[in-house]
Amino acid sequence: MAKKAENIVFQGTGRRKESIARVRLTAGKGVITVNGKNLDEYFGSEILKVIVNQPFAVTNTVGKYDVVVKVVGGGLTGQAGAVRHGIARALLDVNSEFRPLLKSNGLLTRDPRSKERKKYGLKKARKAPQFSKR
């Protein structure tokens, strides 16, 4: 059951690694703004732009919604993944029938991989000091 998308704001929160993205979807022409910049300015790489647009491609809604994103933390790849996750969650608010499509493409699952914590006695998470027999 689809909700009417006139002047209604749909929200979603996406996370990946250390990045957190707050996504707002409104009916529009497909303009994506990330932290006040155009998508092309913020994510220079074509691969990252494809990652961000993946939920729209899967649900055949390319160019139907304007997206405003505020994303903090992590690097560009983590931020792109967080934006993708947030857009997918916001699209669920638009139409709950998108759920099987988004789920089968793995867009609703939060990527659980993150940095491993540093252990005592080691220099990093797994790197040990050099061993010397004498």
Side-chain angles (χ1 to χ4, degrees):
M1 89 170 88
K3 297 178 186 174
K4 259 196 162 173
E6 292 180 31
N7 299 329
I8 298 176
V9 177
F10 302 100
Q11 296 181 335
T13 304
R15 294 182 188 88
R16 182 168 192 274
K17 290 188 173 182
E18 292 291 312
S19 303
I20 300 171
R22 293 178 296 174
V23 177
R24 296 173 59 125
L25 246 63
T26 54
K29 296 182 173 139
V31 178
I32 300 176
T33 309
V34 182
N35 288 351
K37 295 182 182 177
N38 190 6
L39 180 69
D40 297 329
E41 286 179 51
Y42 196 82
F43 294 115
S45 170
E46 284 297 319
I47 295 169
L48 297 179
K49 293 176 205 169
V50 169
I51 288 172
V52 169
N53 284 310
Q54 211 171 359
F56 294 123
V58 168
T59 57
N60 294 323
T61 54
V62 177
K64 292 185 179 177
Y65 297 101
D66 289 342
V67 183
V68 178
V69 182
K70 289 198 168 121
V71 63
V72 292
L76 285 180
T77 306
Q79 287 184 350
V83 171
R84 178 179 80 167
H85 190 221
I87 290 172
R89 283 183 162 185
L91 282 172
L92 276 185
D93 280 354
V94 173
N95 189 348
S96 59
E97 294 170 7
F98 290 152
R99 186 173 192 82
L101 285 171
L102 294 168
K103 195 148 179 77
S104 65
N105 285 286
L107 300 177
L108 295 177
T109 308
R110 190 223 189 272
D111 192 348
R113 295 175 293 177
S114 60
K115 186 174 179 181
E116 190 175 341
R117 79 171 202 79
K118 183 196 173 299
K119 281 79 170 189
Y120 56 85
L122 301 180
K123 293 182 179 243
K124 294 181 5 184
R126 297 187 183 199
K127 182 179 182 182
Q130 185 175 7
F131 175 75
S132 173
K133 198 167 185 179
R134 293 167 213 220

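Note that the structure is predicted; figures quoted are calculated from it, not measured. Numbers here are sequence positions counted from 1. Below, each value reflects all heavy atoms present in this structure, side chains not excepted, and no hydrogens, waters or symmetry copies.
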With a cut-off of 3.5 Å and sequence neighbours excluded, list every side-chain donor-acceptor pair involving residues 49-60.
{"unit_1": "K49", "atom_1": "NZ", "unit_2": "D40", "atom_2": "OD1", "d": "3.3"}
{"unit_1": "K49", "atom_1": "NZ", "unit_2": "E46", "atom_2": "OE2", "d": "3.2"}
{"unit_1": "N53", "atom_1": "ND2", "unit_2": "K49", "atom_2": "O", "d": "3.1"}
{"unit_1": "Q54", "atom_1": "OE1", "unit_2": "R84", "atom_2": "NH1", "d": "2.7"}
{"unit_1": "T59", "atom_1": "OG1", "unit_2": "P55", "atom_2": "O", "d": "2.8"}
{"unit_1": "T59", "atom_1": "OG1", "unit_2": "T61", "atom_2": "OG1", "d": "2.9"}

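Although no hydrogens or angles enter the test, the distance criterion places no donor-acceptor pair under 3.5 Å between the side chain of D66 and the main chain of T26. Of the possible polar contacts, one joining the N95 side chain to the E97 backbone as a donor-acceptor pair under 3.5 Å is found. Panel note: side chain K124, backbone L122; no donor-acceptor pair is recorded below 3.5 Å.
From L92, atom CG reaches atom CG of L102 across 5.5 Å, with rounding to the nearest 0.5 Å. Taking CZ of F10 as the reference point, atom CD1 of I87 lies at 14.5 Å (rounded to 0.5 Å). Separation of atoms CD1 (I20) and NZ (K70) is listed at 14.5 Å; rounding is to 0.5 Å. Distance check, rounded to the nearest 0.5 Å: CZ of R99 to CG of L91 gives 12.5 Å. Going from atom CZ of R22 over to atom CZ of R15 covers 11.0 Å, rounded to the nearest 0.5 Å. Taking NE2 of H85 as the reference point, atom CG of D111 lies at 9.5 Å (rounded to 0.5 Å).
Closest approach of L101 and N105 over heavy atoms only: O-ND2, 2.8 Å. When all heavy atoms are compared, the tightest approach of G78 to S19 is C-OG, 3.4 Å. Here the closest heavy-atom approach between residue G12 and residue A90 is recorded as N-CB, 3.9 Å. In plain terms, the two heavy atoms of Q79 and G73 that are nearest each other are NE2-O, 3.0 Å.
With hydrophobic clusters built from ILVMFWY side chains whose heavy atoms lie under 4.5 angstrom apart, V72 does not share a cluster with F43. Residues L48 and V31 do not share a hydrophobic cluster, defined by chaining ILVMFWY side chains whose heavy atoms lie under 4.5 Å apart. Cluster membership check: I8 does not share its hydrophobic cluster with V68, using side-chain heavy-atom separations under 4.5 Å among Ile, Leu, Val, Met, Phe, Trp and Tyr.
Annotation: side-chain hydrogen bond (donor to acceptor under 3.5 Å, both in side chains) contacts of N35 (sequence neighbours excluded): Y42. Taking Q11 as the reference, V9, R24 meet the side chain to side chain contact (heavy atoms under 4.5 Å, CB included) condition, with sequence neighbours excluded.
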Exercise. Could you go step by step and tell me if K123 and K118 meet the side-chain contact (heavy atoms from CB on, under 4.5 Å) rule?
Worked result: CA-CA 8 Å; K123 293 182 179 243; K118 183 196 173 299; 5.9 Å; no
